[in-house]
Amino acid sequence: PIPVALCEGLTASFISEAGGSPAPTVQWQSGIDGISWTDISGATSTTLSFVVNSADNNKIIRAVWTNAEGSVYSSPVVLTVTAPPALTSDLAVTVNNGTALNYIPTSSGAGTVFTWSRAIVSGISNVGTNGSGNITETLINTTSSPVNVVYEYTLALNGCTVKENVVVTVNPLQSPGANCVITTSIKHHFNAKSIQ
């Protein structure tokens, strides 16, 4: 087998072959120190495949071939599992119609490369677009209700790629005076004079 490095959630595959008479059988094993080994349940074919998780990082894998003459061992190889990056910045943002959106993505992994895309959204006059890194654009809501705009981010780090959505709610343009409250008063000491 050869060493494998891949992202959490993907499938690792190891291959080992041996010959002899009588034909040998194989049992795959794993360990963490290269000294103590544990049989992997059901792993008795030339190819070992399984979906990896973070607990598999730095495991050592080998194949043991056995026939009536004894056993031989494949070279042990290391399995390296990398956790995919994840957005740590807000996944939900609210802006007002015509106000610049300035979204700065941050990630759980240093060195993450960010790219994004935004499709055309009904009620938003902006055309679809894409970019990398930060989002800086002014969204125009042509309706009288809030509209959600989805930005699909792709995060890439150490060969791992994952997609996450950032939802931006664009509030409608307020009509003049819609949120205006006017309070007035007239103070007068009543003394039989008329008030205009």
Side-chain angles (χ1 to χ4, degrees), residues 1-93 102-119 128-136 149-168:
I2 60 174
V4 171
L6 73 176
C7 294
E8 184 176 5
L10 297 182
T11 300
S13 292
F14 301 91
I15 300 173
S16 179
E17 296 179 349
S21 182
T25 58
V26 65
Q27 173 63 61
W28 288 90
Q29 296 180 328
S30 68
I32 58 173
D33 56 9
I35 300 172
S36 300
W37 297 92
T38 302
D39 289 348
I40 300 172
S41 177
T44 56
S45 64
T46 57
T47 300
L48 169 66
S49 295
F50 59 95
V51 176
V52 301
N53 58 51
S54 58
D56 296 316
N57 187 41
N58 290 326
K59 276 189 177 177
I60 304 171
I61 306 292
R62 75 176 183 182
V64 182
W65 290 92
T66 305
N67 67 6
E69 301 299 320
S71 296
V72 293
Y73 306 93
S74 72
S75 298
V77 293
V78 176
L79 170 60
T80 303
V81 180
T82 303
L87 283 174
T88 55
S89 46
D90 289 338
L91 300 182
V93 179
N102 293 303
Y103 183 82
I104 302 173
T106 57
S107 166
S108 57
T112 299
V113 175
F114 302 96
T115 56
W116 55 267
S117 64
R118 176 183 54 73
T129 187
N130 55 63
S132 61
N134 302 346
I135 300 171
T136 304
V149 177
V150 177
Y151 289 84
E152 184 182 70
Y153 260 100
T154 300
L155 288 69
L157 178 66
N158 297 327
C160 298
T161 301
V162 67
K163 293 181 183 293
E164 285 192 79
N165 289 338
V166 174
V167 179
V168 177

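- If you take CD1 on I2 and OG on S13, they are separated by 10.0 Å, rounding to the nearest 0.5 Å.
- Closest approach of A12 and V4 over heavy atoms only: CB-CG1, 4.2 Å.
- Between V52 and L6 there is a side-chain heavy-atom pair separated by less than 4.5 Å.
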Next on the checklist: Assess the residue pair W65 and S16 against the criterion (side chain to side chain donor-acceptor pair (under 3.5 Å)); give the C-alpha distance rounded to whole Å, side-chain angles, the decisive distance to 0.1 Å, and a yes or no.
Outcome noted: CA-CA 9 Å; W65 290 92; S16 179; 2.9 Å; yes

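- Defined by atom type and a distance below 3.5 Å, a donor-acceptor pair is missing between the side-chain atoms of K59 and S30.
- Atoms CG and CG, from N58 and L79 in turn, are 8.5 Å apart once rounded to the nearest 0.5 Å.
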Next on the checklist: Apply side-chain contact (heavy atoms from CB on, under 4.5 Å) to residues Q29 and T38 and explain how you reach the verdict.
Outcome noted: CA-CA 5 Å; Q29 296 180 328; T38 302; over 6 Å; no

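- The backbone N or O of A92 lies less than 3.5 Å from no partner atom in the side chain of D90, so there is not a single donor-acceptor pair.
- Remark: I32 CD1 to N57 CG distance equals 12.0 Å, nearest 0.5 Å.
- Side-chain contact between P24 and T66: absent, with no pair of heavy atoms (C-beta onward) separated by less than 4.5 Å.
- Annotation: the span from S45 atom OG to I15 atom CD1 amounts to 10.0 Å, rounded to 0.5 Å.
- Contact check for N134 versus F114: no side-chain heavy atoms found under the 4.5 Å cut-off.
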Checklist entry - Do T161 and T154 pass the side-chain contact (heavy atoms from CB on, under 4.5 Å) test, and can you show the C-alpha distance, the side-chain angles, and the key distance before you say yes or no? => result CA-CA 7 Å; T161 301; T154 300; 3.5 Å; yes

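- Inspection of the N53 and E8 side chains reveals no N or O donor paired with an N or O acceptor under 3.5 Å.
- S132 places no side-chain N or O within 3.5 Å of a backbone atom of T115 that could act as its donor or acceptor partner.
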Next on the checklist: Working note: I40 + L48, criterion side-chain contact (heavy atoms from CB on, under 4.5 Å); need CA distance, chi angles, decisive distance, verdict.
Outcome noted: CA-CA 9 Å; I40 300 172; L48 169 66; 3.9 Å; yes

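- To the nearest 0.5 angstrom, Y153 atom OH is 7.5 Å from L87 atom CG.
- What you find for A23 and N67 is that their closest heavy atoms are O-CB, 4.2 Å.
- The shortest heavy-atom contact between L157 and A110 is CD1-O, 3.3 Å.
- Taking every heavy atom of both residues into account, G9 and V51 meet most closely at O-CG1, 3.5 Å.
- The aromatic rings of F14 and W28 sit tilted relative to each other, their planes meeting at an angle between 30° and 60°.
- By the 6.0 Å contact criterion, CG on L10 is enclosed, its count of non-hydrogen atoms from other residues, nucleotides or ligands being greater than 12.
- Contact between S49 and T11 at its shortest, heavy atoms only, is CB-CG2, 4.2 Å.
- Minimum interatomic distance between V162 and P85 (heavy atoms only, all atoms of both residues): CG1-O, 3.0 Å.
- Judged as a salt bridge (Lys or Arg N to Asp or Glu O under 4.0 Å), and not counting sequence neighbours, R62 has no contacts.
- E164 contributes atom CD, which lies 10.5 Å from atom CD of E152 (distance to the nearest 0.5 angstrom).
- Ring planes of W116 and Y151: perpendicular class, angle over 60° (limits at 30 and 60°).
- Residues T106 and T88 have side chains that bring a donor and an acceptor to within less than 3.5 angstrom of each other.
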